[in-house]
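Below is one structure, written out as structure tokens; comments come after it.
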Amino acid sequence: MSAIANFDALPVATASLPDLRSALLDLICTAAYKEGDFVLSSGQRSNYYINGKQATLHPIGGAMVGRLLLDRLPEGTVGVGGLTLGADPMVTAISVVAAYAGQTITPLIVRKATKDHGTKVAVEGPSLPPSSSVVVIEDVVTTGQSAMRAVDQLRLAGYAVSHVLALVDRQQGGSELYAQAGLEFEALYSISAVQARWQTIAAQASAGKA
């Protein structure tokens, strides 16, 4: 499916958040969402797949993600972190956007396995004071296990974690897992919203070829 918007021309630094939210949804639908037969990282099979990095590593998409998620950070947040690789561009984007807005939000990257050499750390990034408030960031939530690994490692590093923010919620148990763990959870988009918009774009593209 081809993109229906000229994202390179979007004034991402000055556009309203509702406009960015709409544009980012279109980018996800045209670049990141695919239908077919897929095996997910959770081991589940699915008839669709969302490669979040197609949106978060997009030069304009990353900035949109940064602005939209920065707006969702709870008051008092000093850091954002998530499990590599999906969260890496997102925490970086939030930090950069925050700097341009006169805020300091430290990006942290959680390794899938602790290094067995050097400093042997599980969390990469500048050290923050103990009990600093850190929000966990995820691109696509399915069962929620990936973000929970990040929560656990960040807490072991001495940080306070009470929120998880995501790009897309596949609505397959992640939100329930976070609720059971006492975590606040919010996703920019539900999978139902993504699929509804994808179908609209597909219909428009089909009508244009008629």
Side-chain angles (χ1 to χ4, degrees), residues 12-21 24-25 52 55-57 61-112 114 119 121-171 173-190 193:
V12 66
T14 56
S16 69
L17 293 179
D19 284 348
L20 289 181
R21 184 179 176 86
L24 181 57
L25 178 57
T56 61
L57 287 171
M64 289 193 284
V65 168
R67 281 196 61 196
L68 288 166
L69 289 181
L70 177 65
D71 181 64
R72 296 298 200 280
L73 295 183
E75 185 176 354
T77 301
V78 297
V80 287
L83 194 68
T84 192
L85 177 68
D88 296 359
M90 300 175 71
V91 299
T92 302
I94 294 168
S95 179
V96 170
V97 167
Y100 280 112
Q103 303 176 48
T104 300
I105 302 293
T106 298
L108 301 169
I109 294 173
V110 180
R111 290 178 174 273
K112 292 182 178 178
T114 303
T119 55
V121 296
V123 178
E124 294 287 359
S127 296
L128 298 172
S131 300
S132 292
S133 179
V134 175
V135 173
V136 164
I137 305 297
E138 181 71 286
D139 56 355
V140 180
V141 168
T142 303
T143 64
Q145 293 294 336
S146 293
M148 282 305 305
R149 289 171 63 187
V151 170
D152 292 342
Q153 289 296 335
L154 288 164
R155 285 175 171 172
L156 284 173
Y159 301 132
V161 183
S162 59
H163 289 73
V164 176
L165 292 179
L167 189 60
V168 178
D169 179 11
R170 290 178 56 107
Q171 299 175 305
S175 61
E176 291 80 3
L177 178 67
Y178 302 143
Q180 292 171 4
L183 293 163
E184 296 289 333
F185 172 61
E186 181 182 2
L188 290 179
Y189 311 100
S190 66

Worksheet item: Is there a side-chain contact between V78 and Y159, using heavy atoms and a 4.5 Å cut-off?
Response: no
Practice prompt. Flag the pair D169 / F185 as yes when at least one side-chain heavy-atom distance between them is below 4.5 Å, and no otherwise.
Written response: yes
Discussion item. If you apply the rule side chain to side chain contact (heavy atoms under 4.5 Å, CB included), what do you find for H163 with L183, and how did you get there?
Written reply: CA-CA 5 Å; H163 289 73; L183 293 163; over 6 Å; no
Fill in: Rounded distance [0.5 Å steps], CG in L69 versus CG in L167
7.0 Å
For residues 82-109, which side-chain donor-acceptor pairs fall under 3.5 Å, sequence neighbours excluded?
residue, atom, partner, partner atom, Å
T84, OG1, D88, OD1, 3.4
T84, OG1, D88, OD2, 2.7
T92, OG1, D88, O, 3.0
S95, OG, I105, O, 2.8

Item to complete: Report the distance from atom CG of L70 to atom OG1 of T77, rounding to the nearest 0.5 Å.
Response: 9.5 Å
Discussion item. Evaluate V141 against V168 for side chain to side chain contact (heavy atoms under 4.5 Å, CB included), listing each step before the verdict.
Written reply: CA-CA 6 Å; V141 168; V168 178; over 6 Å; no
Practice prompt. Measure the shortest side-chain to side-chain distance between L154 and V110 over non-hydrogen atoms and say whether it is less than 4.5 angstrom.
Written response: yes
Response to the item:
In terms of heavy-atom contacts, L177 and Q145 come closest through CD2-NE2, 3.8 Å
Practice prompt. Calculate, to the nearest 0.5 Å, the distance between atoms CG and CG belonging to L17 and D71 respectively.
Written response: 5.0 Å
Worksheet, complete the sentence: Nearest heavy-atom contact between S131 and A160 is O-CB, 3.7 Å
Worksheet item: Where do Y178 and A147 come nearest, in terms of heavy atoms and distance?
Response: OH-CB, 3.2 Å
Worksheet item: If you measure from OG on S16 to CZ on R21, what distance do you get to the nearest 0.5 Å?
Response: 12.0 Å
Fill in: Heavy-atom donor-acceptor pair, R67 side chain to V12 backbone, under 3.5 Å
yes
Worksheet item: So how far is it from S190 OG to R170 CZ, rounded to the nearest 0.5 Å?
Response: 12.5 Å
Item to complete: Could you tell me the separation between the OG atom of S146 and the NZ atom of K112, rounded to the nearest 0.5 Å?
Response: 7.0 Å
Item to complete: Give the C-alpha distance, both sets of side-chain angles, the deciding distance and a yes or no for side chain to side chain contact (heavy atoms under 4.5 Å, CB included) between R72 and L188.
Response: CA-CA 9 Å; R72 296 298 200 280; L188 290 179; 4.2 Å; yes
Worksheet entry | Option among L128, V80, V151 that satisfies the side-chain contact (heavy atoms from CB on, under 4.5 Å) test with V134 | L128
Worksheet item: If you look at every heavy atom in P129 and S132, which pair is closest and at what distance?
Response: O-OG, 2.6 Å
Worksheet entry | Pairs flagged by salt bridge (charged side-chain N to carboxylate O under 4.0 Å, His left out) wherever residues 130-159 is involved - sequence neighbours left out | none
